[in-house]
Number of protein chains: 2
Amino acid sequence: MTAASIKEVARHAGVSLGTVSNVLNRPNAVAPATRQRVLDAIAELGYVRNDSARQLRAGQSRTIAIVVLDVANPFFTDVVCGAEQVVEEADAMLVVCNSGENDARERRHLELLEEQRVRGVLITPVGHGQQPRLDRLHERGIPVVLVDRGSGRAGRCSVAVDDLLGGRLAMEHLLDQGHRRIAYLGGPFSIPQVADRHAGAAAALAERDADAQLRIAKTTNLTVAAGRRAAAELLTLPAAQRPTAVFCANDLIALGVLQELTKHGRRVPDDVAIVGYDDIEFAGAAAIPLSSVRQPREQLGRTAAQLLLEEADAGATHRHRHVVFQPELVIRASSDRPRR
Amino acid sequence: MTAASIKEVARHAGVSLGTVSNVLNRPNAVAPATRQRVLDAIAELGYVRNDSARQLRAGQSRTIAIVVLDVANPFFTDVVCGAEQVVEEADAMLVVCNSGENDARERRHLELLEEQRVRGVLITPVGHGQQPRLDRLHERGIPVVLVDRGSGRAGRCSVAVDDLLGGRLAMEHLLDQGHRRIAYLGGPFSIPQVADRHAGAAAALAERDADAQLRIAKTTNLTVAAGRRAAAELLTLPAAQRPTAVFCANDLIALGVLQELTKHGRRVPDDVAIVGYDDIEFAGAAAIPLSSVRQPREQLGRTAAQLLLEEADAGATHRHRHVVFQPELVIRASSDRPRR
DNA sequence: AGAACGCCCTAAAACGTTTCATCCACCGCG
DNA sequence: CGCGGTGGATGAAACGTTTTAGGGCGTTCT
């Protein structure tokens, strides 16, 4: 019933407690006969190592955490899968925490992770990612790698995609298609991805056509439901002001927009063109296949995990690195029709 | 740099170590003035409790794990979100582990979780769910709740959806639409959901129309890619044998099938009708909105977590429960056209 | 023959908590 | 004036590992 300890195993095998530990941790430092006796005792008692004790002694855990903005967003699950591959090879364990774009929950998770002295944390922070809390972790010797977010300052590693470029690509494409009244849907703007994608789009628009308009429709978060709400709002505008194209901060919003527009009989892309962001697996399978700015999702996760492990192993000799990937526009039916 | 311990806090505040512990755990058992001094010391030193030590002493962890078949499957992320709500209220932490439908990885996760003496485990097992490993956990006093899987025997709690009924609903609908050559796509059959959904469909077919055929096309797993492959295979059949409808073990497969069929110019539902399973958020947003057997996804997670917490708190007095939800067929365009 | 070495094992300390048995001082009461 | 009670603090034990210093003992080298 109650878990057997190393001590009982030792008694059972007629050896000292230290010997059992040796069998577990450096098997070939102990004579084969003894080793076997110990292994038998372990099997018989169903002994399982107590990780708390091990960690307490070692001061280090073997788990790595990834804190994502939204587990239900396929973009993040793909990142998780990528990270998983790398972490697994390192014989560590990846645990996934969901902040749900909620500051308090993120803080709570980080507190718990700090108490657990995890080996490292991959995180896409809710805010700008310069919270003192993250610095704290770092001071404590817990490496932190920012995911999908270039860290302005050099305090830590990061992997990111150039969101300014992504926004620019999307906007240039829409301008190429002849659109002049365009909306950007996304929020909250406190999330840098949301702000950067908009900034890139705005810059492209300013360069290319100062007369074109870019309206902003803020959403409370980055979900399908939020997209539906934002689209419903756009539909209330007088026709002359209504945008002919929307660029969405991510694909979930774009899918919501698509649903709401078709529900109200608008044709995509003829009445309204849509471009999303992330290129999640479901974007290409949508009712009207969605144009989207593709990010290397798994790659992002793999690289982040590699940087983290590197830092965890190197210790003080570590030099922080910032990896930036280039996004790529994938044009599909939702925006691919010349207008006018 | 190195983490401050309770001992240093005590020295700093000029009290004994036990008093600091009291401030942390029963604040009002210590005089206000002393308490404040301790809290100040904690703040000044940036003290963070060491959870390993706490757990070692307490013998109990505050984390609950959920082991899912595939984190990238929106069905499971919705279950996770449901569980999260409940776990959070109980002031515990939910960690997500991904078995990826892989037996070895599942085993590895369970080993690690056992070593960590987690408070409980929610799991959708890769196999039939009667692995000795799960029993071991239970003997160790770690409650296990089966998710999306009725446990034949009574050894543990479970929450499930009646997959036989789900299969039946899907099949009856397709028969109603006039289909007589139908394929079931899914796999591996070692996953009970896959087998049960098929069994339900087969039973309905046998009852309703003994002449109709149900072909099985096994897939290696339950992903979009597997669905594409299976569909490609179906397309190689001579036209006279080719099914006019497919029932897929889950929505991911169904989406893959849909993609592959339309890529080859087949019309859905006219040439081939499709019914999926789970009714994930993206099913209704697909190119051809997908008919699907809806499961109460978040509800499943919430209930499972509730049962788990109940069992963890009740200890030996606990009576295992088996909650079964009824699925519901949602008919959309992918199957909604009378044939012949 | 004695020193030196290698192999296998043991004993004990340490990791940072929580908890429990005391202890102390003070107060009110008989 | 002595007695039990009480609120508040203390000290030590215990949780289950890992690690380190060393001990016995047989073998090899000089």
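Order of the sequence lines sets the chain letters (A, B, ...), proteins ahead of strands, with each chain counted from 1. Below, each value reflects all heavy atoms present in this structure, side chains not excepted, and no hydrogens, waters or symmetry copies.
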Spacing of [X] atom [atom1] relative to [N] atom [atom2], expressed in whole Å:
X	N	atom1	atom2	result
A/Lys7	C/dT10	NZ	C1'	15 Å
A/Arg57	C/dA13	CZ	C1'	8 Å
B/Asn22	C/dC20	CG	C1'	11 Å
A/Leu17	C/dA13	CG	P	13 Å
A/Asn28	C/dC8	CG	C1'	13 Å
A/Ile6	C/dC9	CD1	P	15 Å
A/Arg37	C/dC8	CZ	P	13 Å
A/Gln116	C/dT17	CD	C1'	15 Å

- Please report the shortest heavy-atom distance between B/Thr220 and B/Pro188, naming the atom on each side. O-CD, 3.4 Å
- Taking all non-hydrogen atoms of both residues, which atom of A/Ser99 and which atom of A/Arg105 are closest, and how far apart? O-CB, 3.7 Å
When all nucleic acid strands are considered with a 4.0 Å heavy-atom cut-off, which category describes [X]: base, sugar-phosphate, or nothing?
X	result
B/Asn25	sugar-phosphate
A/Arg117	nothing
A/Thr19	base

- Item | Short side-chain N/O contact from B/Asn50 to OP1 or OP2 of C/dT17, under 4.0 Å | no
- Item | Phosphate contact (C/dT18 OP1 or OP2) by B/Arg49 side-chain N/O below 4.0 Å | yes
- Indicate whether any N or O donor in one side chain lies under 3.5 Å from an N or O acceptor in the other, for B/Gln55 and A/Gln55. no
- Query: Would you say the ring centroid of A/His322 lies under 6.0 angstrom from that of A/His320?
  - Reply: no
- Taking for each residue the nucleotide of DNA chain D bearing the nearest heavy atom, is the 5' side occupied by B/Ala58 or by B/Ala29? B/Ala29
- Message: Closest-nucleotide mapping onto DNA chain D: is B/Leu56 or B/Gly14 further toward the 5' terminus? I mean the 5' end.
- Response: B/Gly14
- Task: Would you grab the first and last nucleotide of DNA chain D (5' to 3') that comes under 4.0 Å of any non-hydrogen atom in chain A?
- Result: D/dG16 to D/dT19
In terms of side-chain geometry, is the basic nitrogen of [X] or [Y] positioned less than 4.0 Å from the acidic oxygen of its partner?
X	Y	value
B/Asp91	A/Arg108	yes
B/Glu106	B/Arg133	no
A/Arg37	A/Asp40	no

- Message: Can you identify which nucleotide, out of C/dT10, C/dT17, C/dC8, has its nearest atom closest to the A/Ser16 side chain?
- Response: C/dT10
